[in-house]
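Reading through the structure tokens given below for one structure.
What's counted below: heavy atoms across the whole structure, side chains too, no hydrogens, waters or symmetry copies. So you know, we letter chains A, B, ... as the sequences are listed, proteins then strands, and number each from 1.
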Amino acid sequence: MPELPEVETTRRGIAPHVQGQRVADVVVRQKQLRWPVPRGLKQRLTGQVIRAVERRAKYLLLRFDRGSLIVHLGMSGSLRLVAADAPVGKHDHFDLMLAGGHALRLTDPRRFGAVLWSRGDPLEHELLRALGPEPLDDAFDGERLYRLSRGRRAAVKPFIMDGKVVVGVGNIYASEALFRAGIRPDRPAGGIGRARYVRLAAAIKTVLGEAIAQGGTTLRDFVGGDGRPGYFAQHLNVYGREGEPCPACGAAVRQAVLGQRASYWCPRCQR
DNA sequence: CCCGATTCCTGTAGGC
DNA sequence: TGCCTACAGGAATCGG
């Protein structure tokens with residue numbers, strides 16, 4: 001499931017190979033993803049040069065001279081560089097054919113992903129404009145979590161997964177960060193003190209940073225831009241480990257649904 | 001504003 | 001073995 005580390009892994013995998021490349025053709029095989037794929041991308045992009053590949057939250061931004069392609073991987077998407085004549089699978093929805101003989105291919109079985117076009121600054125696109133800070137930026141810290149959580153009665157886990165609070169923290173890393181910070185995921189966000197939020201912000205930064213360094217987490221089918229899986233799954237302490245011993249204390253890891261999402265925690269280490 | 005529920009989709013896993 | 005159902009989840013959107 002692509003969360004921020006997986007999207008960043010994808011960006012790093014494809015950027016050196018596509019930056020400066022000219023688009024030779026655009027193939028749209030599935031015109032309905034999360035939203036309709038914009039019409040006219042072939043005319044708009046053919047002959048244009050990919051100037052940069054950036055990331056904002058879990059969105060990938062392919063910058064061209066006259067706008068940007070915004071790509072979201074949803075929960076099952078991958079964006080890979082393949083040979084131009086690679087066989088096409090049933091979930092290969094979108095190809096940017098590159099002049100160099102490769103194609104940038106979006107594969108997404110569940111079609112929660114998106115391909116959008118922004119004619120101006122993509123950061124001002126309506127989906128990106130109101131997003132919270134990047135978790136690895138200095139603008140995100142424990143003080144921000146503390147300030148925004150005052151008066152909130154909802155659980156802390158959905159709170160840190162709220163993209164207006166901080167972007168890029170998905171279900172897996174939310175559980176992992178709360179474990180590292182020693183905070184129960186069901187604790188009301190507004191009842192947690194400043195010092196604990198400082199710990200939590202630090203935990204979010206370190207867990208995401210480590211996951212990026214490992215090439216992301218491959219639970220089922222995530223692959224980076226070069227087609228290789230990520231190796232962070234073996235570093236997960238609690239996610240997906242219901243009933244298994246906590247790596248720190250040995251207590252059985254618990255699982256419950258919070259905000260419609262499976263949550264995992266150690267009942268002894270997390271309070 | 002806040003918060004929980006619903007929605008999109010399909011592969012996979014579990015139950016019988 | 002095979003069928004059926006529940007579940008997984010990012011995040012917008014809706015309803016209270």
Establish, with yes or no, whether the OP1 or OP2 oxygen of B:dG11 is under 4.0 angstrom from a side-chain nitrogen or oxygen of A:Lys90.
yes
Check the angle between the aromatic planes of A:Phe64 and A:Trp117 and answer parallel, tilted or perpendicular using the 30° and 60° thresholds.
tilted
Does A:His72 place a side-chain N or O at less than 4.0 Å from the phosphate oxygens OP1/OP2 of C:dG10?
no
Provide, to the nearest angstrom, the distance between the CZ atom belonging to A:Arg129 and the C1' atom belonging to C:dA11.
17 Å
Heavy-atom pair of closest approach, residues A:Ser263 and A:Lys157
OG-NZ, 2.9 Å
Please determine whether any donor N or O and acceptor N or O are separated by less than 3.5 Å between the side chain of A:Arg261 and the base of C:dG10.
yes
When you check the phosphate oxygens OP1 and OP2 of C:dA12, does a side-chain N or O of A:Tyr59 lie under 4.0 Å from one of them?
yes
In terms of the nearest nucleotide of DNA chain B, which residue is placed more toward the 5' end: A:Pro158 or A:Phe112?
A:Pro158
Would you tell me if any nitrogen or oxygen in the side chain of A:Arg152 comes within less than 4.0 Å of OP1 or OP2 on B:dC3?
yes
Mapping A:Gly259 and A:Arg150 onto DNA chain B by nearest heavy atom, which one lands closer to the 5' end?
A:Arg150
Would you say the side-chain atoms of A:Asp65 pair up with the backbone N or O of A:Gln48, donor to acceptor, closer than 3.5 Å?
no
Could you work out which one of C:dA8, C:dG10, B:dT6 sits closest to the side chain of A:Glu3?
C:dG10
Does a nitrogen or oxygen in the side chain of A:His91 sit under 4.0 Å from OP1 or OP2 of B:dG11?
yes
